[in-house]
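It should be emphasised that the depicted structure is a prediction, and the values quoted were computed from it without experimental measurement. Excluded from the calculations below are hydrogen atoms, water molecules and symmetry mates; all remaining heavy atoms, backbone and side chain alike, are included.
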Amino acid sequence: MGQVVEFLIVNGNGAKEGNWPWHTAIFHNIGRTFVYQCGGTILDQNTVLTAAHCVMTPNGIIARRRLRVQVGRHQLSVTSKRVQEHEAFEMIVHPEYNVNGIRHDIALIMLATDITYTDYVQPICLWNRGEDQNAIVGTWGTVIGYGVDETDNVSDTLREASIPVVSHITCIESNRALFGSQLTSDMLCAGNRDGISACNGDSGGGLFFSYNGTWFIRGIVSFTKPRQYGKICDTKEYTVFTDVAKYLKWIEQQISGTVDQPIVAGIENSHKISLLPTSTCGPNPLSVRLGVHDRYNTTYCEQMDGQMLIRG
């Protein structure tokens, strides 16, 4: 679907096709071709959750005709009958998001046509376990995406990695100049500072947790610090995520309660997916696999209070 630019998942593993059926690839029309920009997550048949900066241009929110969403994709360079492409009907950016800042980095893409659920295309469950961030500190979530690997070469195939959530104090103490001035209670910090990290090309993708075989989204890849020289992320730094749990009411207001998701897909009802595709969320019909990593793509850097940060 057009050229591919720099993305990143460092020291992650190759994802098995169909393991993450809620992940989407977001493309922008740049010049005369559609170029991969960010990741996103399927909430329902018409709604994709992503980062606000993934639907922005220097002139504001991108025109809907210039954005495409693909679901069911495993490789960026190779399409298949499993891939569905959808145009955008509307982009809804959080009203408090400022293109010159990083707070409230969350947006919804309302699709012009319905997603068709298959074993390779399924919705995620919205987080339903409360807002307490301390409750998930030390637990491991999964991030997925397309991006540069540990050799700084582009990965054409979806990759995954598992990273732990860390406390705000730990995050701030790791880099007071950056995180001390930017981290808020609406954000999560995660990583091991060990070379495994979300990076260029992973923005907008999710941080996922599995409970009893059902997957939930808790974070959206937002920003991290770039290397001292260059525009690629520093995998020795933590990654900051928008905390989805803090925005559930806003999300539900925008989609008129259509993601109440009355049936949570688990082991006992996973066989019903094909029969009840609109009433389940968070299943993995093919297999459940822990550990994924996501990265940012088309990269740009911002200067915030004297510190650089990197976003996809």
Side-chain angles (χ1 to χ4, degrees), residues 8 10 38-39 49-54 56 93-107 127 129-143 145 161 163-200 202-209 217-228 231-248 250-251 293-296 299-312:
L8 227 152
V10 180
C38 283
L49 179 67
T50 189
H53 74 267
C54 287
M56 303 300 293
V93 175
H94 193 279
E96 295 182 64
Y97 175 75
N98 186 315
V99 69
N100 296 314
I102 55 179
R103 293 196 63 187
H104 310 297
D105 191 12
I106 185 171
W127 187 262
R129 308 173 73 87
E131 295 184 9
D132 183 11
Q133 295 182 349
N134 292 326
I136 60 171
V137 169
T139 62
W140 291 66
T142 297
V143 287
I163 57 175
V165 177
V166 301
S167 68
H168 277 210
I169 292 176
T170 299
C171 196
I172 290 171
E173 288 181 346
S174 73
N175 189 328
R176 287 185 175 274
L178 176 62
F179 299 125
S181 62
Q182 303 301 330
L183 201 63
T184 73
S185 61
D186 297 325
M187 303 173 186
L188 291 173
C189 201
N192 242 351
R193 305 183 75 198
D194 61 354
I196 299 176
S197 170
C199 196
N200 308 67
D202 292 330
S203 279
L207 177 64
F208 307 110
F209 295 83
I217 184 169
R218 178 65 191 259
I220 301 171
V221 180
S222 182
F223 73 92
T224 190
K225 185 180 183 298
R227 300 174 190 173
Q228 185 175 2
K231 296 182 179 181
I232 294 178
C233 75
D234 186 346
T235 59
K236 299 296 184 181
E237 297 280 355
Y238 292 117
T239 299
V240 176
F241 299 78
T242 302
D243 186 352
V244 173
K246 302 298 180 67
Y247 296 92
L248 293 179
W250 177 77
I251 292 171
H293 212 173
D294 186 313
R295 280 257 142 119
Y296 316 171
T299 306
Y300 66 90
C301 292
E302 293 182 355
Q303 189 83 26
M304 299 293 292
D305 295 340
Q307 288 288 311
M308 294 297 292
L309 60 86
I310 191 168
R311 303 170 69 169

With heavy-atom distances below 4.5 Å as the criterion, would you say the side chains of [X] and [Y] are in contact?
X	Y	result
Asp105	Ile220	no
Tyr238	Leu178	no
Leu49	Val244	yes
Val93	Met56	yes
Arg129	Ile136	no

Please check if the side chain of Gln133 supplies one atom and the backbone of Met187 the other of a donor-acceptor pair under 3.5 Å. yes

Is the backbone N or O of Thr242 less than 3.5 Å from a side-chain atom of Ser222, with the two atoms forming a donor-acceptor pair by type? no

Using a 6.0 Å cut-off, check whether atom CG of Leu248 has over 12 heavy atoms from anything other than its own residue. yes

I'd like to check the ring-ring contact (aromatic ring centres under 6.0 Å, His included) partners of His168; sequence neighbours left out, ordered by chain and number.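 Per chain and number, His168 pairs via ring-ring contact (aromatic ring centres under 6.0 Å, His included) with no residue.
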
Which class fits the ring pair His104 and His94: parallel under 30°, tilted 30 to 60°, perpendicular over 60°?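 His104 vs His94 ring planes: parallel.
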
Relative to the ring of Phe223, is the ring of Phe179 parallel (under 30°), tilted (30 to 60°) or perpendicular (over 60°)? tilted

In Å, rounded to the nearest 0.5 Å, how long is the span from CG of Leu207 to OG1 of Thr142?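 Leu207 CG to Thr142 OG1: 7.5 Å, rounded to 0.5 Å.
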
Side-chain H-bond candidate by donor/acceptor type, His53 with Tyr97, under 3.5 Å: no

Please list all pairs passing the salt bridge (Lys or Arg N to Asp or Glu O under 4.0 Å) test where one or both residues lie in residues 94-103, with sequence neighbours left out. Arg103-Asp186

Can you check side chain to side chain contact (heavy atoms under 4.5 Å, CB included) on Phe241 and Arg218, steps first, answer last? CA-CA 9 Å; Phe241 299 78; Arg218 178 65 191 259; over 6 Å; no

